[in-house]
Protein chains: 2
Amino acid sequence: MTPSSEMTLIKNATDIGKMIRAKRKEIEMTQADFAGLCNVGIRFISELENGKPTLEFDRVLRVTQLIGIDLFAKGR
Amino acid sequence: MTPSSEMTLIKNATDIGKMIRAKRKEIEMTQADFAGLCNVGIRFISELENGKPTLEFDRVLRVTQLIGIDLFAKGR
DNA sequence: AGATATTTTTCCCTTACGGTAAAATTGTGT
DNA sequence: ACACAATTTTACCGTAAGGGAAAAATATCT
């Protein structure tokens, strides 16, 4: 598998959704439990993992941080 | 000065907002013109640069990409 | 089949977004 | 400092959509 140390360019919501699902599976956590951990609804987790583009920024950030994914910005 | 090639950890909406404002100033563009370029309202740009946390993810992504900021994700 | 997990749907409330215009802030020149 | 211009922020409103909860519909296992 791709090691967790590699950088992934985020082009859209789908990119981050896939990473989150993969991480969650690693931890062997259900969407429901993970939603509880993140203080969001289960529907949000489902939509996030499926790449819904209009989710709120801070909620996405909260989930990524809790599951162990850091976001970085880099100017071109 | 910190070169634009450096990676900045995004902990919240404020972090990305500051970068966007800095970039926009470099280009010497008004919020109004930049909003037109990004196909978003001028109010969105203002709120984004000031770190409003609940903005929609894809809109934030669209703006960052148009102004020359790439987002990366990295597992811990 | 049965149990578990995930996705989707429905109902309801809240809120983001854009447009416009006014208020506030920042910047510039004299 | 002062006046003036330019830019940014805020307020109001209508529309559209997000989000939570829970149930229903699919999917995925053993």
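Below, chains carry the letters A, B, ... as their sequence lines are ordered, and counting in each starts from 1.
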Checklist entry - Base, sugar-phosphate, or nothing: which does Thr54(B) touch, judged by heavy atoms less than 4.0 Å apart? => result sugar-phosphate
Next on the checklist: Quick check for you: among dT9(D), dT6(C), dG19(D), whose closest atom lies nearest to any side-chain atom of Phe44(A)?
Outcome noted: dG19(D)
Next on the checklist: Please report the end-to-end axis angle for the helix from dA1(C)-dT30(D) to dT30(C)-dA1(D), five pairs per end, rounded to 10 degrees.
Outcome noted: 70°
Next on the checklist: Just to be sure I understand the rule, does Glu49(B) reach a base, reach only the sugar-phosphate, or reach nothing, if contact means heavy atoms closer than 4.0 Å?
Outcome noted: nothing
Item to check | Pairs satisfying side chain to side chain donor-acceptor pair (under 3.5 Å), at least one member in residues 37-47 of chain A, at least two apart | outcome: Glu47(A)-Lys52(A)
Item to check | OP1 or OP2 of dA5(C) under 4.0 Å from side-chain N/O of Thr30(A) | outcome: no
Next on the checklist: Whole angstroms only, please: what is the CG-C1' distance between Asp33(B) and dT8(D)?
Outcome noted: 13 Å
Checklist entry - Can you tell me how far C1' of dG20(D) sits from CG of Leu48(A), to the nearest Å? => result 16 Å
Checklist entry - So which of residues 10-19 of chain A are in contact with DNA chain D, with a heavy-atom cut-off of under 4.0 Å? => result none
Checklist entry - Please give, in whole Å, the distance from dG19(D) P to Gln31(A) CD? => result 15 Å
Item to check | Residue pairs passing the salt bridge (charged side-chain N to carboxylate O under 4.0 Å, His left out) test where at least one lies in residues 29-42 of chain B, sequence neighbours excluded | outcome: none
Checklist entry - Reckon Arg24(A) has a side-chain N or O less than 4.0 Å from the OP1 or OP2 of dT6(C)? => result yes
Next on the checklist: Suppose we screen for salt bridge (charged side-chain N to carboxylate O under 4.0 Å, His left out). Which residues come up paired with Asp58(A), at least two apart in sequence or across chains?
Outcome noted: none
Checklist entry - What is the distance from CD1 of Ile27(A) to P of dA5(C), rounded to the nearest Å? => result 16 Å
Table of protein N/O atoms under 3.5 Å from nucleotides 11-14 of chain D N/O atoms:
from, atom 1, to, atom 2, distance (Å)
dC12(D), N4, Arg43(B), NH1, 2.7

Next on the checklist: Less than 4.0 angstrom between a side-chain N/O of Arg59(A) and OP1 or OP2 of dG20(D), yes or no?
Outcome noted: yes
Item to check | Most 5' of Gly41(B) and Glu47(A) on DNA chain C, judged by nearest nucleotide | outcome: Glu47(A)
Next on the checklist: If I take atom NZ in residue Lys52(B) and atom P in nucleotide dG18(D), what distance separates them, rounded to the nearest angstrom?
Outcome noted: 15 Å
Checklist entry - By salt bridge (charged side-chain N to carboxylate O under 4.0 Å, His left out), which residues pair with Glu56(A), not counting sequence neighbours? => result Arg59(A)
Checklist entry - Reckon Ile45(B) touches a base, only the sugar-phosphate, or nothing at all at heavy-atom distances under 4.0 Å? => result nothing
Item to check | Nearest-Å distance for atom pair CD1/P, residues Ile42(A) and dT4(C) | outcome: 15 Å
Only pairs under 3.5 Å count here: list side-chain donor-acceptor contacts from residues 60-72 of chain A, not counting sequence neighbours, and write none if there are none.
from, atom 1, to, atom 2, distance (Å)
Arg62(A), NE, Cys38(A), O, 3.1
Thr64(A), OG1, Val60(A), O, 3.3
Thr64(A), OG1, Leu61(A), O, 2.7
Gln65(A), NE2, Lys11(B), O, 3.0
Asp70(A), OD1, Arg76(B), NE, 3.4
Asp70(A), OD2, Arg76(B), NE, 3.3

Item to check | side chain to side chain contact (heavy atoms under 4.5 Å, CB included) partners for Ala22(B), two or more places apart | outcome: none
Checklist outcome for this item: When rounded to the nearest 0.5 Å, the distance separating CG of Leu9(A) from CG of Asn12(A) is 9.5 Å
Checklist entry - Going hydrophobic residue to hydrophobic residue with side-chain gaps under 4.5 angstrom, can you get from Ile16(B) over to Ile27(B)? => result yes
Checklist entry - Between Glu56(A) (CD) and dG20(D) (P), how many Å, whole number? => result 9 Å
Checklist outcome for this item: From CZ of Phe57(A) across to C1' of dA17(D) the rounded distance in Å is 20 Å
Next on the checklist: Could you work out, with salt bridge (charged side-chain N to carboxylate O under 4.0 Å, His left out) as the rule, every residue matching Lys18(A), not counting sequence neighbours?
Outcome noted: none
Checklist outcome for this item: Sorted by chain and number, sequence neighbours left out, side-chain hydrogen bond (donor to acceptor under 3.5 Å, both in side chains) with Gln31(B) holds for Glu49(B)
Checklist entry - Under the ring pair (Phe, Tyr, Trp, His ring centres under 6.0 Å) rule, what pairs show up with a residue in residues 21-47 of chain B, not counting sequence neighbours? => result none
Checklist outcome for this item: One should read off an interatomic distance between Met29(A) CE and Leu37(A) CG, to the nearest 0.5 angstrom, of 4.5 Å
